[in-house]
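Below is one structure, written out as structure tokens; the observations come after it.
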Amino acid sequence: MATNWRIAAVLAGVSGVRGWQEELYRDLHQHPELSHQEHRTAGIVAARLRGSGFSVYEGVGGTGVVGVLENGDGPAVLLRADMDALPVREATGLAYASTAVASAADGDEVPVMHACGHDMHVACLLGAAQLLADGREHWNGTVIALFQPAEEVGDGARAMIDDRLGELLPTVDVALAQHVLPAPAGVVGTRSGPVLSAADSMRIIVHGRGGHGSMPQATVDPVVLAAMIVVRLQTVISRETVPGEPAVLTVGRIVAGAKSNVIADHAVLELNVRTYSDATRTAILEAIRRIVTAECQASRSPKDPEFELFDRFPLTDNDSDVTERVAVAFAAHFGERSVELPMQTASEDFSDIPAALGVPYTYWGFGGIDPDVYRQAEVAGRVSEDVPVNHSATFAPVIQPTLDTGTEALVVAALAWL
Ligand code: ZN
Ligand code: ZN
């Protein structure tokens with residue numbers, strides 16, 4: 001019971017942080033920033049961390065911020081939040097809805113919205129950092145509060161690592177992260193093993209020989225070649241991967257030609273692959289290359305196909321011991337509100353950080369939907385229609401109990417080590 005007493009002592013400060021935390025959340029929600037442009041958010045984060053007594057490193061991997069609070073001998077726990085928003089036009093109708101616009105990486109002006117809830121992650125971690133700092137007489141060790149840029153484009157974690165993250169930090173023992181999800185607010189969910197898929201996008205150019213649409217014998221038609229590839233790729237998941245292990249291969253884009261009576265000289269295909277084990281991931285990516293190369297040969301393609309991988313996200317594979325420890329702590333604190341998280345088809349780059357530091361990790365989810373709204377949708381059998389999901393223009397967590405739950409989850413999990 002000693003641990004529970006310590007948790008209660010640290011969380012006794014919740015009512016003191018809730019006020020500024022809710023205000024900060026609304027402010028972040030109204031001022032979202034695209035990936036790698038999180039300057040305002042990073043400034044707010046750094047100022048708050050300094051105010052809580054953390055040593056602060058700014059500009060790590062661009063706009064990343066790291067706060068370190070050393071409090072005697074003991075384990076070092078890294079808590080991570082992501083900060084970026086999405087090019088989505090907000091349609092929540094909230095009083096604090098975003099009307100922000102920004103220049104995307106390609107220069108286009110786009111609307112910006114915190115449609116994935118990263119503003120909630122930032123507010124929760126800043127609150128947890130303050131609570132742990134104020135309650136430092138109740139724990140020993142080191143807390144690292146890491147605020148990562150550019151999760152949505154999959155390279156923010158990597159940018160921080162490449163910018164000497166490992167040198168800035170003391171030796172880390174465990175890394176923890178969380179995401180708000182379209183589940184009832186107040187609920188937390190943990191899962192051991194693979195929890196989020198690895199994602200890989202691949203751009204493929206296949207070459208033909210262009211010519212007149214009336215003289216196919218003088219050409220190599222890349223449209224027919226691309227069509228054969230699309231059909232043949234459907235056999236990868238159905239015939240080459242283990243039944244029962246989820247995997248997805250989608251051809252999301254195919255471009256060739258400009259006119260009905262001209263045979264094009266090349267076609268472009270863009271694929272997305274989702275997997276839950278490194279072995280399956282490697283096998284599928286190899287199968288794609290093999291099939292595309294063979295179909296090009298079968299079609300008399302005059303030039304080798306070209307492959308380019310992009311938008312790659314690592315597998316999120318929760319360590320079983322770490323997850324167990326967090327799940328036990330959550331069960332003791334949240335009771336029935338602690339559940340098992342179903343496997344998610346989304347992807348994340350968080351695990352790049354513990355992988356680079358060589359430490360185990362776990363990543364959990366917490367609900368952000370008004371519990372009454374969720375229950376009504378469930379009763380009506382309309383969850384997928386009525387409950388907005390991350391990245392949709394109507395996704396915005398209810399502030400409470402989402403904020404309290406995400407804050408408590410970070411504190412409770414961190415104290416399982418400290
Ligand atoms: Zn997202
Ligand atoms: Zn997200």
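Just so it is clear, the model here is predicted, and its values are computed rather than measured.
- H207 and H266 have tilted rings, their planes meeting at an angle from 30° to 60° on a 0 to 90° scale.
- Interatomic distance, L125 CG to L410 CG, rounded to the nearest 0.5 Å: 6.0 Å.
- W139 does not carry R6 over the face of its six-membered ring by the limits of under 6.0 Å from the centre and within 45° of the normal.
- S201 and N272 share a donor-acceptor pair across their side chains, judged by distance under 3.5 Å alone.
- The side-chain heavy atoms of P184 and I369, taken from C-beta on, include no pair separated by under 4.5 Å.
- Applying the 6.0 Å contact sphere to CG of D304 captures no more than 12 heavy atoms from other residues, nucleotides or ligands.
- Within 6.0 Å of the CD atom in Q400, the count of heavy atoms belonging to other residues, nucleotides or ligands exceeds 12.
- Residue R253 places its CZ atom among 12 or fewer non-hydrogen atoms of other residues, nucleotides or ligands, all under 6.0 Å distant.
- Within a 6.0 Å radius of CZ in R232, no more than 12 heavy atoms belonging to other residues, nucleotides or ligands are found.
- Minimum heavy-atom separation, R191 to M343: NH1-N, 3.7 Å.
- For the ring pair (Phe, Tyr, Trp, His ring centres under 6.0 Å) condition, the pairs that include at least one residue of residues 171-200, sequence neighbours left out, are H118-H179, H121-H179.
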Q: Take E348 and T316 through the side-chain hydrogen bond (donor to acceptor under 3.5 Å, both in side chains) test and state the conclusion after the steps.
A: CA-CA 7 Å; E348 255 282 351; T316 306; over 6 Å; no

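- Using a 4.0 Å cut-off between charged nitrogen and carboxylate oxygen, R40 and D27 count as a salt-bridge pair.
- Pairs engaging residues 331-340 under the side-chain hydrogen bond (donor to acceptor under 3.5 Å, both in side chains) rule: H333-E408 [sequence neighbours left out].
- For the residue pair S347 / R274, a side-chain donor-acceptor distance below 3.5 Å is found, with atom types taken as modelled.
- Residue R89 places its CZ atom among 12 or fewer non-hydrogen atoms of other residues, nucleotides or ligands, all under 6.0 Å distant.
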Q) Does the pair R80 and D349 meet the rule for a salt bridge (Lys or Arg N to Asp or Glu O under 4.0 Å), with working shown? A) CA-CA 11 Å; R80 173 272 203 178; D349 70 346; 3.3 Å; yes

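- Contact detail for H391 and L86: the closest heavy-atom pair is CD2-CD1, 3.2 Å.
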